[in-house]
Amino acid sequence: MYSKTTKGVTVTVTPYFLDDQSSPQESHYVWAYQVNIKNLSESTMKLNHRNWVIIDANGKIMNVQGEGVVGEFPSCSQVKVLNILVAPL
């Protein structure tokens with residue numbers, strides 16, 4: 001689990017290895033990510049853009065950018081939690 005708080009908004013990401021979709025003998029590994037956004041600030045936040053930097057076990061860097069997440073632009077008012085499942089990458 002990885003977590004970072006900025007301006008009262010905590011983003012926590014938990015990666016999950018998808019064994020049934022992976023093929024280690026072919027060096028093919030599939031992961032899903034649970035993203036939890038907790039807003040403890042006094043403002044409503046909206047997820048307009050994402051920029052995820054993913055580093056694999058070999059040090060290979062994949063940069064995933066785009067508008068919103070899973071085709072949506074979720075918002076989160078004060079003291080609320082957003083849960084987003086992103087699968088697979």
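What you see below is based on every heavy atom in this structure, not just the backbone, and it leaves out hydrogens, waters and symmetry mates.
Considering V13, T14, V64 as possible partners of Y33, the one that fulfils the side-chain contact (heavy atoms from CB on, under 4.5 Å) test is V13.
Side-chain N or O atoms of H28 include none that pairs as donor or acceptor with a backbone N or O of S22 at under 3.5 Å.
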Item checked: side chain to side chain contact (heavy atoms under 4.5 Å, CB included) between N63 and N51, intermediate numbers included -> CA-CA 7 Å; N63 195 346; N51 182 23; 2.5 Å; yes
Check: side chain to side chain contact (heavy atoms under 4.5 Å, CB included) between M1 and T12: does it pass, once the steps are laid out?
Finding: CA-CA 7 Å; M1 177 171 51; T12 303; 3.3 Å; yes
Notebook entry, point to check: Can you check side chain to side chain contact (heavy atoms under 4.5 Å, CB included) on R50 and Q65, steps first, answer last?
Noted result: CA-CA 5 Å; R50 69 187 183 286; Q65 297 183 29; 5.9 Å; no
Next item on the list: Take W52 and V69 through the test side chain to side chain contact (heavy atoms under 4.5 Å, CB included) and record every step on the way to the result.
Entry: CA-CA 11 Å; W52 300 338; V69 65; 3.9 Å; yes
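Atoms CZ and OH, on F17 and Y29 in that order, are 7.0 Å from each other to the nearest 0.5 Å. The distance from atom OG of S77 to atom CG of N39, rounded to the nearest 0.5 Å, is 7.0 Å. Remark: K46 NZ to F73 CZ distance equals 7.0 Å, nearest 0.5 Å.
At a threshold of 4.5 Å between non-hydrogen side-chain atoms, the residues M45 and C76 count as touching. Here the side chains of I37 and L47 are in contact, with some heavy-atom distance below 4.5 Å. With a 4.5 Å cut-off on side-chain heavy atoms, V11 and N36 do not count as touching.
Contact between V9 and S41 at its shortest, heavy atoms only, is CG2-OG, 4.5 Å.
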